[in-house]
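Since the structure comes first, as structure tokens, the remarks are kept for the end.
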Amino acid sequence: MTANIYIGLMSGTSLDGIDAVAVRFTPDCHIIASHSEPFPSDLKQQILRLTQPGDREIDLMGQIDIQLGELFSHSVMQLLQKNGLKAESIAAIGSHGQTIRHRPEHGFTLQIGDPNIIAERTGITTIADFRRRDMAAAGQGAPLVPAFHQAMLHNPDMDRVLLNIGGMANITHLPQDPTKAISGFDTGPGNILLDAWINEIKGLPFDKDGAWASSGKINSALLNDLLSLDYFQEAPPKSTGREQFNLAWLQNTLATHQDIANKDVQRTLLELTAATIADALNKYVNCDQYDLFVCGGGSRNHQLTQRIQDLLPNVVMQTSDKAGIDADWMEAAAFAWLAKCCLGGSCGNAPSVTGAKGNRILGAIYQA
Ligand SMILES: Nc1ncnc2c1ncn2[C@@H]1O[C@H](COP(=O)(O)OP(=O)(O)O)[C@@H](O)[C@H]1O
Ligand SMILES: [Mg+2]
């Protein structure tokens with residue numbers, strides 16, 4: 001049997017869990033199986049600790065690197081078992097790993113979840129460490145999904161924009177003219193601040209459908225203060241993470257404001273997310289008309305997507321399902337594709353997006 005299926009493993013900044021998909025490329029992207037593995041809450045807390053500087057970081061990192069390696073392996077085994085797939089039919093696993101630090105300004109990014117363990121436990125060749133080669137070539141190492149978008153979703157008849165709302169939000173612009181360069185960058189927070197605030201106040205992991213946010217009012221003074229952050233004014237290429245957008249940053253800003261109801265903070269954070277996304281699209285998508293496809297967990301937050309739509313009245317906005325790739329599995333599918341690229345010796349970055357000096361083969365191979 002020829003192995004022609006690739007597995008993608010993704011766990012993003014939201015820390016909601018691991019997304020695992022099995023994909024057949026024909027060359028179109030066919031997601032044939034999927035599995036999502038939630039993080040045990042103690043593991044989530046320890047990863048959160050690692051995302052900020054603290055004591056005994058290296059020891060803790062070593063421990064979590066192994067635990068995540070085991071959990072990624074378990075996710076693959078579950079994906080295979082639940083769908084009657086055999087390890088022999090899988091050409092490779094592309095594992096993004098869990099980002100615990102992303103500092104492109106210092107040429108540094110770190111994803112953990114030991115790929116040696118994944119290769120050992122699953123018996124499947126595993127590819128990991130996708131971001132650092134792009135960084136070594138002076139790129140941001142992020143976002144990496146735009147090259148996948150271009151390969152799978154380019155439309156010769158209409159410009160397309162993909163908007164991924166994960167912990168961070170990022171956009172990809174695919175011009176209909178194939179001679180024009182694609183562009184893309186992190187616009188700023190996606191769900192991360194919404195999750196952080198509801199978790200702090202109500203102990204919930206996220207604001208389902210934005211219901212709590214919609215019960216509050218926008219506080220303009222707070223919104224303007226949050227919007228004054230330099231990151232929003234910087235020109236691309238740019239990428240960001242929990243280093244910039246976290247509860248401490250929000251609390252420091254809140255400390256300079258008085259008597260804002262908790263639900264109004266949540267509503268203001270939703271507005272910040274929607275406004276920075278809409279602003280990025282208005283500023284950097286230079287074409288008269290385009291189709292907007294949304295993916296990532298934030299595409300399920302109807303209050304958020306409605307607010308983005310209100311701010312972009314002339315844009316047709318739909319989930320990426322309508323373009324042929326399930327909104328819940330886009331990022332994981334991208335890492336299956338990046339594994340295929342690496343194994344086949346083809347380049348996986350988009351230099352016009354990351355700012356790298358050129359096209360590079362991304363990832364390190366851990367043989368089965
Ligand atoms: N029904 C929903 N309502 C509101 N937010 C949701 C809903 N479903 C998912 N989300 C948000 O999506 C996030 C997960 O999105 P995801 O794309 O997996 O992000 P990441 O890539 O950072 O892991 C959750 O933390 C939550 O904020
Ligand atoms: Mg996730």
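Whatever order the structure lists ligands and atoms in, that order sets their numbers, starting from 1. This chain uses plain numbering: 1 for the first residue, then up along the sequence. The structure displayed is predicted, hence computed values, not measured ones.
The Mg ion (ligand 2) has an N, O or S atom of Asp16 closer than 2.8 Å.
Residue Ser11 has no nitrogen or oxygen atom sitting less than 3.5 Å from a nitrogen or oxygen atom of ligand 1, judged on distance alone.
Every atom of ligand 1 is numbered from 1 in the order shown, and the set under 4.0 Å from a heavy atom of Asp195 is 24 (C), 25 (O), 26 (C), 27 (O). Proximity to Ser14 (heavy-atom distance under 4.0 Å) selects the following atoms of ligand 1: 13 (C), 14 (C), 15 (O), 19 (O), 20 (P), 22 (O), 23 (O), 25 (O). Of all the atoms in ligand 1, the ones that sit under 4.0 Å from a non-hydrogen atom of Gly167 are 19 (O), 20 (P), 22 (O). Less than 4.0 angstrom separates some heavy atom of Gly298 from each of these atoms of ligand 1: 12 (O). Remark: ligand 1 atoms within the under-4.0 Å shell around heavy atoms of Gly296 are 17 (O). With ligand atoms numbered from 1 in the order given, ligand 1 contributes 3 (N), 4 (C), 5 (N) to contacts under 4.0 Å with heavy atoms of Asn301.
A distance-only check finds a donor-acceptor pair linking the side chain of Asp264 to the backbone of Lys217 [under 3.5 Å].
No side-chain heavy atom of Gln45 sits under 4.5 Å from any side-chain heavy atom of Asp42.
Contact annotation: Glu331 has no heavy atom less than 4.0 Å from any atom of ligand 1.
For the residue pair Asn349 and Thr354, no side-chain donor N or O sits within less than 3.5 Å of a side-chain acceptor on the partner. A donor atom on one side chain and an acceptor atom on the other are found under 3.5 Å apart for Thr179 and Asp177. For the 3.5 Å distance criterion, the side chains of Arg131 and His96 qualify, holding a donor opposite an acceptor. Asp310 and Gln306 form a side-chain donor-acceptor contact under 3.5 Å, judged by distance and modelled atom types alone.
Using a 4.0 Å cut-off between a side-chain N of Lys or Arg and a carboxylate O of Asp or Glu, Lys202 and Asp207 do not qualify as a salt bridge.
The heavy atom nearest to atom 18 (O) of ligand 1, considering only Asn191, Leu15, Asp16, is found in Asp16. Nearest-residue assignment for atom 11 (C) of ligand 1 (options Ser299, Ala213, Gly12, Gly297; heavy-atom criterion): Gly297. If you check each of Phe206, Trp212, Trp329 against atom 6 (C) of ligand 1, the one with the closest non-hydrogen atom is Phe206.
Protein heavy atom at the shortest distance from atom 1 (N) of ligand 1 is Asp209 OD1, 3.4 Å. Scanning all protein heavy atoms for the shortest distance to atom 4 (C) of ligand 1 gives Asp207 O, 3.2 Å.
Taking CD of Gln46 as the reference point, atom OG of Ser41 lies at 10.0 Å (rounded to 0.5 Å). Atom CG of Asn191 sits about 7.0 Å away from atom CG of Leu304, to the nearest 0.5 Å.
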